[in-house]
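One structure is given here, and the rest of the page talks about it.
Chain naming here is simple, since letters A, B, ... match the order of the sequence lines and numbering starts at 1 in each. Keep in mind that the numbers below use all heavy atoms, side chains included, and drop hydrogens, waters and symmetry copies.
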Amino acid sequence: MILRLASALIGRWLFFGISIAMPEPSDAFRIGFAMNTDNLLSMTAIDKRFAGIPALSGASFAVGRGEVHALIGQNGAGKSTLIKVLTGYYKRDAGEVVFDGKPFEVSSPQQAQASGISTIYQEINLVPYRSITENICLGREARRCGLLDWKRMHQEAEALLQRFNVRADVRRPLMEFNTATQQMVAIARAIGFSAKLVIMDEPTSSLDEREVAVLFNVIRQLKQEGVSVVFVSHKLDELYEVCDRVTIMRDGRTVKTAAMNEIDKIGLVSAMLGRAIERAEGHATAFSDRDEKKIGKVLLSAENLAINQIVQDVSFNVRSGEIAGFAGLLGAGRTETARLVFGIDRPRAGTMIFNGQTFDPNKPSDAIAAGMGFCTEDRKSEGIVPDMSVAENMMLALMPKLSKSGVIDEKAQRDIVERFIRQLGIKCSGPDQKVRELSGGNQQKVLLGRWLAMNPRLLILDEPTRGIDVGAKAEIQALIKTLADQGLAVLMISSELEEVIEGADRVFVLREGISVAEFDRDEATEDAVMSAMAHGSAPTVAGAAP
Amino acid sequence: MTDTARQQLISRPFDPFDFMARYGTLIALALLILFNFAFTRNFATMQTLNVNLTQVCTIVIVAVGMTLVIATGGIDLSVGSLMAISGALAPMIFLGKIVPIGNVALAVAAAMIIAVGVAGLFGLFNGWLIARFRIQPIVATLILFIAGRGIAQVLTNGNLQTFRVPQFQWIGLGRLFGIPVQVVLMVLLVIAAAWMLKRTVFGRQIIAVGGNERAAELSGIAVSRVKLVVYTISGLCAGIAGLVVIAINSSSDANLVGMGMELDAIAAVAVGGTLLSGGKATIIGTLLGAMTIQLVRYTLLANGVPDAAALVVKAGIIVLAVWIQQQGRRT
């Protein structure tokens with residue numbers, strides 16, 4: 001089941017208690033847009049409310065034929081809602097949609113797909129045990145005399161993949177192929193032969209650079225064939241690579257549409273946030289320079305950790321009050337190493353010393369008891385319990401400590417939850433709101449609260465700002481820095497280079513399961529770290545290349 | 001901003017599905033009672049109340065354990081068979097077929113404790129299969145669903161055991177302050193389970209395991225232990241229900257005790273509004289669900305509709321309840 005992120009909250013954007021007034025979006029642009037008859041799609045003055053709370057108010061959005069149009073905004077700005085209204089997942093309350101010259105009324109994603117609107121989601125929704133053909137033709141199998149027409153289906157699947165320059169034996173099970181091919185199969189399946197408009201909802205969030213390049217080729221290919229693409233992404237750099245125009249959403253409104261070559265990154269960010277930000281010029285992240293004197297003695301040190309090919313030989317250490325960063329490509333073994341530290345998996349070799357004692361956790365509760373917390377990279381499937389409230393989610397780890405002979409102390413719990421909602425600036429209607437109704441950034445804050453409530457000594461943060469909008473991202477980064485300043489040891493894994501380089505006091509680079517380099521803050525330049533990620537060592541070191 | 005959000009929450013428009021998902025079972029029950037007041041003869045009598053309460057008791061007792069199991073995202077198909085085991089074992093003990101015990105009170109106490117305890121152990125076995133070997137609950141409990149009744153028949157050589165032991169049958173026929181003992185038992189179990197689910201760490205952990213098992217594990221919850229305990233509780237509940245059934249009947253037939261009970265219990269849980277996929281549970285809902293199903297059956301029977309037709313209506317109610325639940329979750 002697809003988890004729905006409710007994007008229902010509106011109101012002023014709170015940035016650590018300082019509220020910033022937002023200018024109103026201009027009405028002129030809204031009216032000007034719907035008139036364009038060359039558009040493949042035009043959505044005008046769309047309203048959508050959830051339980052009375054507006055998620056979209058007067059949003060307008062138009063996509064030309066063969067255009068790649070970026071749709072950006074913070075979490076909760078209404079991007080997902082707008083797309084779900086378009087694909088018939090939600091019914092709009094007001095407004096009109098014209099697609100391909102005709103009024104567009106659909107009540108399900110299947111109908112939208114039949115009319116030529118395909119959606120590719122973040123997650124790959126495929127069946128790994130079945131063949132490529134079965135995956136591509138799932139739900140629209142060719143039949144002859146009531147039986148499956150395998151020959152025709154194989155041909156169709158091959159033809160479809162060839163369109164994207166993928167050659168693969170379509171009869172083999174999908175799981176035998178690499179992620180890039182699987183991703184292409186997912187795209188091929190979604191697009192089919194008849195799509196006129198393809199919506200890509202953060203398609204690159206789980207891809208490495210090479211896979212992203214392949215995806216961008218697909219987008220260019222589609223564009224050449226006259227197919228329009230709506231591209232939703234949090235990564236601003238990507239937009240300049242493939243998009244023609246961009247529409248920026250904020251608080252359920254479409255506040256700006258511009259050609260990509262007429263707007264710079266600062267322009268995008270300030271339109272998303274509704275204010276001018278100076279930070280975007282100097283630093284790309286909210287990690288300002290840190291005072292190294294506050295860093296204490298080594299809290300956790302790990303030597304030669306190994307489990308299998310993914311983690312072969314990893315050594316690192318983290319000191320109190322320090323942010324240690326793990327850099328590396330996808331599959332370098334960063335998350336897997338963190339899982340060893342937290343006792344989720346057991347190492348085959350290697351030793352760990354935590355707080356001066358040998359540390360060999362059997363299960364997460366051992367690591368928690370020792371004073372660790374772990375914010376997973378996969379918020380949805382390993383982090384939140386969606387149907388539980390903000391309070392219940394936040395108290396999940398602390399609860400046993402907060403109880404008297406197994407009975408929960410409701411009052412103590414409420415006090416703590418309310419304090420963290422305030423401190424972390426969590427936007428919710430109260431401690432009892434279901435956590436699945438919150439935006440990604442706020443869910444992440446709830447999870448941070450879950451661990452901070454434990455008052456840990458070491459906090460492992462795996463991709464702490466993935467899939468989170470720019471504003472919430474800055475807040476979380478600033479928060480991590482504050483926590484380290486207060487003496488917390490932080491082990492931060494991030495695939496965003498600038499986050500690691502600007503945020504971490506020391507950067508450990510992992511490559512193919514081996515810790516290949518360590519940089520102090522002043523040595524950690526983008527070039528040096530990237531070179532270690534790619535080649536396994538700094539370029540000057542001898543013996544790196546055969 | 002919280003002020004605006006709060007105002008909007010108050011002015012939230014009426015959502016019929018959400019409302020029905022929340023109060024549907026209660027409303028259905030109220031409507032059924034009103035209907036019976038109007039159309040069923042002799043409905044407003046203590047006897048009718050007693051008949052319905054005693055009939056619904058065993059289902060509710062089993063369904064309480066089932067609710068906890070389902071809340072963790074599991075299911076327990078073995079409850080009917082465990083009732084048969086407990087129902088076969090107890091008479092063997094208090095009739096002195098295994099070891100003669102002179103004192104009747106002692107024999108009855110031993111019979112109750114051992115029979116219920118053995119059912120609990122079998123429940124623990126279910127939990128062990130599920131937690132240790134990660135066998136799907138429906139398959140793991142299918143083992144005892146099949147084997148359990150076989151064990152009960154082997155224990156008794158397939159013979160019907162009849163008895164007249166008032167000390168034992170007090171649990172099914174006796175009264176406490178004029179209320180049937182089994183009704184008291186049911187109410188106590190319901191209150192204890194509802195309180196446990198709402199107010200204790202363990203209750204919260206049950207819901208967390210059902211809501212997101214991996215998140216629960218990463219938060220330090222001993223997921224395996226939670227599962228072991230809920231299946232054990234389900235076994236214990238089935239054991240108690242088995243005793244009640246044979247006490248009412250003055251006999252124990254391993255072929256019949258608890259037959260189809262697993263499905264009645266699951267139906268009560270579903271109609272009561274507990275999510276079958278786990279992560280959300282209501283014990284009071286289960287109680288209301290069981291009473292609704294019971295009252296529908298009674299209403300139809302009392303108005304001359306044959307039992308076979310009542311089964312179809314029962315199925316209809318389950319479909320309706322699940323549909324309303326899903327609609328309520330959509331928006």
Identify which part of Ile207(B) has an atom lying under 4.5 Å from any heavy atom of chain A, answering side chain, backbone, both or neither. both
Distance alone, cut at 3.5 Å: any donor-acceptor contact between the side chains of Thr286(B) and Thr67(B)? yes
Contact winner vs chain A - Gly279(B), Gly220(B), Ala222(B), Ser219(B), heavy-atom pairs under 4.5 Å: Ser219(B)
Pairs meeting criterion salt bridge (Lys or Arg N to Asp or Glu O under 4.0 Å) with involvement of residues 114-132 of chain B, two or more places apart: none
Take a 6.0 Å sphere around CD of Gln111(A) and say whether it holds more than 12 heavy atoms from other residues, nucleotides or ligands. yes
Neighbour count >12 (heavy atoms, 6.0 Å) for atom OH, Tyr129(A): no
Pair Asp462(A) + Arg339(A), salt bridge at N-O below 4.0 Å: no
Output the distance between atom CG (Leu448(A)) and atom SG (Cys375(A)), rounded to the nearest 0.5 Å. 4.5 Å
Chain A shares the most heavy-atom pairs under 4.5 Å, among Arg199(B), Lys198(B), Glu213(B), with Arg199(B)
Give me the contact list for residues 398-405 of chain A versus chain B, heavy atoms only, anything under 4.5 Å, ordered by residue number. Met399(A), Pro400(A), Ser403(A)
Test item: Pro456(A) and Met372(A) side chains (from C-beta on) under 4.5 Å apart, heavy atoms: no
Using a 4.5 angstrom heavy-atom cutoff, name the option from Val385(A), Ile408(A), Leu447(A) with the most pairs to chain B. Ile408(A)
Tell me, do Glu463(A) and Arg334(A) make a side-chain contact under 4.5 Å, heavy atoms counted? yes
